[in-house]
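Data block below; observations after.
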Amino acid sequence: MTNYTAAIELLSAGELIGLPTETVYGLAADATNADAVAKIFALKNRPQFNPLIAHVSSMDMASAQAEFSGKAQQLAEAFWPGPFTMVLPKSASNTICDLARAGLDTQALRFPAHPVAQEVIAAFGKPIAAPSANISGHVSPTSAQHVKDEFGANLSLVLDGGNARIGLESTVVAVLSDEVTLLRPGSISKDDVEAVVGKIGSSLHDDNAPKSPGMLSRHYSPKARLRLNVTSPEADEAYVGFGPVTAKTTLSLSETGDLTEAASNLYAMIRKLDHSYDAIAIAPIPEDGIGAAINDRLRRAAL
Ligand code: AMP
Ligand code: MG
């Protein structure tokens, strides 16, 4: 069973732990402790200009840290707990360290749905900063074993919450002056958000005007070369299909063509193939629903 006592002791001592969430596994630290947060940046080799998401376990914990406009409240009611992050104006009572925000006056918050994440944050009683538990730029981890493979002895505790149900990072929206902007697609789609608050804008990886520094350029990348939208793989390429397995297929993201299943398999399959191939080719993935988020990650992984 899960070792919450050890987890809370480590977090209280300003140490890092591996934490399961429904999106991907996080590298977790006390978000209010700048020394602890600095260890996240160091271990991930993450540039300090790329702010972290703080994770909460209640609406009360969230509203102490940021200003919720009417639209932010509606979105929280619709999508929390869940794979949904809001970038909001930080509140006067905010206790999260500046380093976690990369010095910005906005605060990214998520209330995850995973029971282990919720229990740890609630028991700790403070927001937890938790970017994906991988070296910056690499493929995100969707199992406890992936996190151990990534950090080995440098991380003393990884809580095992099973395979991540969703397998792709959260949807990120900014809700500033009641204007909603999509910063990163995820399993909650732009249409899902618009069904709650009406038309929203998007600002996806604009390298010239980064609203969200972490959305820049190459990310989520395996060591192998990655080719997208491939229907005829080369002889030396592993071929990741979508739909029924054919003679060409090395692994299929979903034999039934289910995009949700494909999202949850994506990172684990890429990791697995990365061990034994120098080149990976991926079949075309439809853009509908979570497909947009899968294609977003693949485009940046292939840069
Ligand atoms: P990850 O790196 O997967 O933890 O994702 C966090 C994402 O949220 C990155 O793209 C960050 O740049 C973004 N983010 C976090 N805080 C903010 C903020 N205050 N303003 C804009 N984007 C943010
Ligand atoms: Mg990440």
Side-chain angles (χ1 to χ4, degrees), residues 16 18-29 31 37 40-41 43-56 62 65-67 72 83-91 94 96-112 117 127-142 146-147 150-151 164 166-177 179-188 201-207 209-222 263 266-267 270-271 293 296-301:
L16 308 183
L19 184 71
T21 85
E22 72 276 25
T23 56
V24 302
Y25 273 67
L27 184 63
V37 168
I40 294 182
F41 284 99
L43 189 57
K44 274 181 68 76
N45 194 20
R46 179 172 171 123
Q48 292 206 357
F49 60 74
N50 188 5
L52 307 178
I53 297 168
H55 295 72
V56 298
Q65 302 297 339
E67 300 295 341
F84 188 73
T85 297
M86 283 192 276
V87 173
L88 302 166
K90 87 186 233 295
S91 66
N94 183 291
I96 293 165
C97 64
D98 283 325
L99 180 58
R101 272 188 307 281
L104 300 171
D105 52 9
T106 51
Q107 180 64 59
L109 291 178
R110 176 155 92 94
F111 180 170
I128 287 182
S132 53
N134 55 274
I135 307 292
S136 206
H138 287 186
V139 181
S140 299
T142 57
H146 293 163
V147 181
E150 197 81 14
F151 296 121
I166 293 170
L168 282 185
E169 301 77 5
S170 60
T171 304
V172 181
V173 301
V175 190
L176 304 171
S177 342
E179 199 173 299
V180 184
T181 311
L182 180 66
L183 300 180
R184 177 172 76 186
S187 64
I188 291 171
S202 33
S203 163
L204 304 179
H205 17 277
D206 178 349
D207 273 13
K211 279 240 173 40
S212 194
M215 301 178 354
L216 300 185
S217 63
R218 188 175 159 90
H219 214 91
Y220 315 112
S221 303
L266 179 70
Y267 289 144
I270 289 181
R271 258 176 196 272
D296 166 74
R297 304 304 190 276
L298 285 174
R299 276 192 295 273
R300 288 147 68 192

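Whatever order the structure lists ligands and atoms in, that order sets their numbers, starting from 1. Side-chain atoms are counted along with the backbone in the values below, which use heavy atoms only and exclude waters and symmetry mates.
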Enumerate the atoms of ligand 1 whose separation from the nearest heavy atom of [X] is less than 4.0 angstrom.
{"X": "Ala108", "result": "15 (C), 16 (N), 17 (C)"}
{"X": "Pro131", "result": "4 (O)"}
{"X": "Arg46", "result": "1 (P), 2 (O), 4 (O)"}
{"X": "Leu104", "result": "18 (C), 19 (N), 20 (N)"}
{"X": "Thr106", "result": "18 (C), 19 (N), 20 (N)"}

Problem - Min N/O separation Asn50 to ligand 1 under 3.5 Å - result: yes
Practice task
Return a yes/no value for Gln107: is any of its N or O atoms, backbone included, closer than 3.5 angstrom to an N or O of ligand 1?
Solution key: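 No, since none of the N or O atoms of Gln107 sits under 3.5 Å from an N or O of ligand 1.
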Problem - Residue of the set Val24, Leu266, Thr142 for which side-chain contact (heavy atoms from CB on, under 4.5 Å) holds with Leu168 - result: Leu266
Handout entry: Polar side-chain atom of Arg271 near backbone of Val139 as donor-acceptor pair, under 3.5 Å
Key =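 It does hold such a pair.
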Exercise for the section: Indicate yes or no for a side-chain donor-acceptor contact from Lys44 to the backbone of Asn134 under 3.5 Å, with no hydrogens or angles considered. Expected result: yes
Exercise for the section: Starting at CZ of Phe84, measure out to OG1 of Thr23 and round the result to the nearest 0.5 Å. Expected result: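 Output value for this atom pair is 13.5 Å.
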Problem - Heavy atom of Arg101, distance to ligand 1 below 4.0 Å - result: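 No, that is not the case, since the closest heavy atom of the residue is not under 4.0 Å from the ligand.
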Exercise for the section: Give the minimum heavy-atom separation between Pro127 and Ala54, together with the two atoms involved. Expected result: CB-CB, 4.3 Å
Exercise for the section: Give a yes or no on whether a salt bridge exists between Arg110 and Glu22, defined as a side-chain N under 4.0 angstrom from a carboxylate O. Expected result: yes
Exercise for the section: Scan side-chain atoms only and decide if Arg184 and Thr85 contain a donor-acceptor pair under the 3.5 Å cut-off. Expected result: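 The answer is no; no qualifying pair exists.
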Handout entry: the Mg ion (ligand 2) to nearest N/O/S of Asn134 below 2.8 Å
Key =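 It does not: Asn134 brings no N, O or S atom closer than 2.8 Å to the Mg ion (ligand 2).
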